[in-house]
2 protein chains.
Amino acid sequence: MKRDSKKAVRARHQDDDIYAEMFSAILEQRLSPGTKLSEDALCEIFNVSRTIIRKVLQRLSHEKVVEIQPNRGAFVAEPTPEEARDVLEARRIVEAGIMRGAVRTAKPSDIKRLKSMIAKEGKAIEQGQHSKWVSLSGDFHLELARISGNHALAEFLRELVSRTSLIHVQYQSGQMGHQSCSCDEHVEIISALEVGDEETSVALMDAHLNAIEASLDLSDAKADDDLYRIFAKDTAIAAGES
Amino acid sequence: MKRDSKKAVRARHQDDDIYAEMFSAILEQRLSPGTKLSEDALCEIFNVSRTIIRKVLQRLSHEKVVEIQPNRGAFVAEPTPEEARDVLEARRIVEAGIMRGAVRTAKPSDIKRLKSMIAKEGKAIEQGQHSKWVSLSGDFHLELARISGNHALAEFLRELVSRTSLIHVQYQSGQMGHQSCSCDEHVEIISALEVGDEETSVALMDAHLNAIEASLDLSDAKADDDLYRIFAKDTAIAAGES
DNA sequence: AAAACAAAAAATGTGGACAATATGAAGCTT
DNA sequence: AAGCTTCATATTGTCCACATTTTTTGTTTT
């Protein structure tokens with residue numbers, strides 16, 4: 001019955017495709033934090049039943065990029081400042097361990113691949129494709145995790161990176177001075193990795209993540225609803241007009 | 001219409017209760033690795049529909065204590081030796097970071113609670129309640145994570161601890177010499193923590209986790225199906241008989 | 001006119017029915 | 001009799017309909 005045709009392979013697991021689609025939509029910042037993810041709407045968009053959508057939403061929820069509020073629905077996660085600090089601290093700890101592993105296990109072909117990835121990052125920055133760069137930057141860190149060989153850590157970092165993307169959207173400070181040089185930091189890290197300098201590469205990664213956190217505005221003012229802050233002056237104007 | 005009565009609070013979220021039940025059943029080693037978790041059976045046991053059971057199984061699957069094989073069903077996870085090494089390495093990295101955090105944030109009341117937890121561990125060991133001790137030992141590590149204040153790391157460690165429990169069942173070497181003194185290692189860690197000695201407490205935790213890994217038999221012989229190893233001599237006998 | 005209440009609409013939570021797939025057994029061919 | 005094919009059974013995957021809850025709308029009352 002030819003049930004193992006190419007079509008069958010592609011057709012099974014519609015969830016995975018939809019999951020990937022939504023995950024990258026969030027990572028590429030086409031879905032903003034707080035956006036309501038209506039089940040019915042997603043059903044029509046992807047032409048599947050709610051069962052599938054619900055499965056995908058729960059998976060995203062477990063990975064902390066979507067928050068499911070009981071009886072209220074699913075929303076793109078809105079990390080709190082505390083959560084943001086936790087995620088960045090976790091990344092410093094985890095990625096230090098990953099760097100130590102990668103220094104030992106990195107092959108020349110790995111270094112080559114990492115360099116080409118950084119080159120792509122540079123192009124994305126040149127062309128002003130910010131969201132693409134965010135995605136590529138995440139891939140760089142995940143590639144290091146893969147090279148280190150620890151699958152458990154790699155999967156956890158994948159979660160942390162996606163959460164970092166959301167954090168970036170929500171708490172980027174106005175200046176944006178950091179991002180253009182972040183690619184350079186990647187270059188330095190690989191240079192240290194290439195010559196097998198464990199301590200330097202770890203230190204550079206730590207500094208890199210610190211720089212990312214420093215580029216954020218994690219003052220608790222932005223914590224709860226932005227609305228109060230956004231409309232603070234508007235209401236004042238309205239008061240003056242009346 | 002009195003929808004916020006006590007009953008309502010308890011009635012909502014049947015999933016959570018069932019999840020907790022199954023999770024602790026696996027942690028307390030009442031469910032062995034490889035056990036098939038039939039959906040229909042679980043439906044009858046917990047008196048709910050498959051929708052609920054499926055949600056619970058997927059959650060457990062995401063936490064890597066259950067493996068879902070497409071079109072075949074859910075099974076209690078059977079960590080490979082490689083997975084076991086990854087989990088223990090991840091724990092060394094993560095718990096080192098947690099110790100550094102805990103040294104800074106631990107209050108006297110926290111120390112007190114940790115000591116009482118260790119006391120419970122000692123009692124469980126005295127009374128030969130092995131599975132209870134495993135559970136309590138995990139709680140000790142998780143309490144340190146809670147004290148450190150990093151929620152992201154704490155949740156990840158929770159996953160690692162539960163996986164460690166499965167690993168323990170599957171790869172414990174015959175001698176068992178380690179476990180009786182593991183409680184003592186916890187005591188030493190807290191002693192260092194109490195006096196605020198960061199480096200020593202980190203080193204002790206690292207040694208503790210190394211001791212756990214050393215107590216396991218992670219030779220790849222047990223890697224894939226035990227059957228080949230178990231029946232290796234039997235087939236030889238059968239060959240001789242024919 | 002503002003607030004509070006009531007009803008309607010919309011969205012989520014759950015259970016059951018049908019379809020697709022895998023497992024095991026019987027029958028057939030060589 | 002061994003191996004392969006075919007069929008029957010059991011289990012999982014998906015969809016749909018109903019129940020419950022939330023949100024919105026409209027009305028009433030002060």
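A note on names: the letters A, B, ... follow the listed sequences, proteins ahead of strands, and every chain is numbered from 1.
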Report summary line: One should read off an interatomic distance between A:Leu144 CG and A:Asp139 CG, to the nearest 0.5 angstrom, of 11.5 Å
Report summary line: Distance col, row A:Asp110:CG vs A:Glu143:CD, nearest 0.5 angstrom, shows 6.5 Å
**Report entry** Distance under 6.0 Å and angle within 45° of ring axis: A:Arg158 vs A:Phe23
**Finding:** yes
What is the distance from [atom1] of [X] to [atom2] of [N], rounded to the nearest Å?
X: A:Asn71; N: D:dT21; atom1: CG; atom2: P; value: 7 Å
X: A:Ile68; N: C:dA11; atom1: CD1; atom2: P; value: 17 Å
X: A:Phe75; N: C:dA11; atom1: CZ; atom2: P; value: 12 Å
X: A:Asp15; N: D:dG13; atom1: CG; atom2: P; value: 9 Å

Query raised in the report: Quick one: is B:Arg72 getting a side-chain N or O under 4.0 Å of the D:dT12 phosphate, OP1 or OP2?
Result: no
Query raised in the report: Of B:Gln69 and A:Pro70, whose nearest nucleotide on DNA chain D comes first from the 5' end?
Result: B:Gln69
Does any donor atom in the side chain of [X] or [Y] lie under 3.5 Å from an acceptor atom in the other side chain?
X: A:His168; Y: A:His130; answer: no
X: A:His151; Y: A:Arg146; answer: no
X: A:Ser38; Y: A:Asp40; answer: no

Query raised in the report: Relative to the ring of B:His62, is the ring of A:His62 parallel (under 30°), tilted (30 to 60°) or perpendicular (over 60°)?
Result: parallel
Report summary line: From the candidates C:dT12, C:dT21, D:dT14, the one with an atom nearest any side-chain atom of A:Gln14 is D:dT14
Report task. Can you spot which of A:Val76, A:Leu60, A:Leu27, A:Leu31 makes a side chain to side chain contact (heavy atoms under 4.5 Å, CB included) with A:Val65? Result -> A:Leu60
Report task. Could you summarise the pairing of DNA chain C as dot-bracket text, marking Watson-Crick and G-U pairs under 3.5 Å with ( ) or [ ] inside the strand and | across strands? Result -> ||||||||||||||||||||||||||||||
Requested in this report: Within residues 32-58 of chain B, find the residues that approach DNA chain D with a heavy atom at under 4.0 Å, and present them sorted by residue number.
Outcome: B:Lys36, B:Ser38, B:Glu39, B:Arg50, B:Arg54
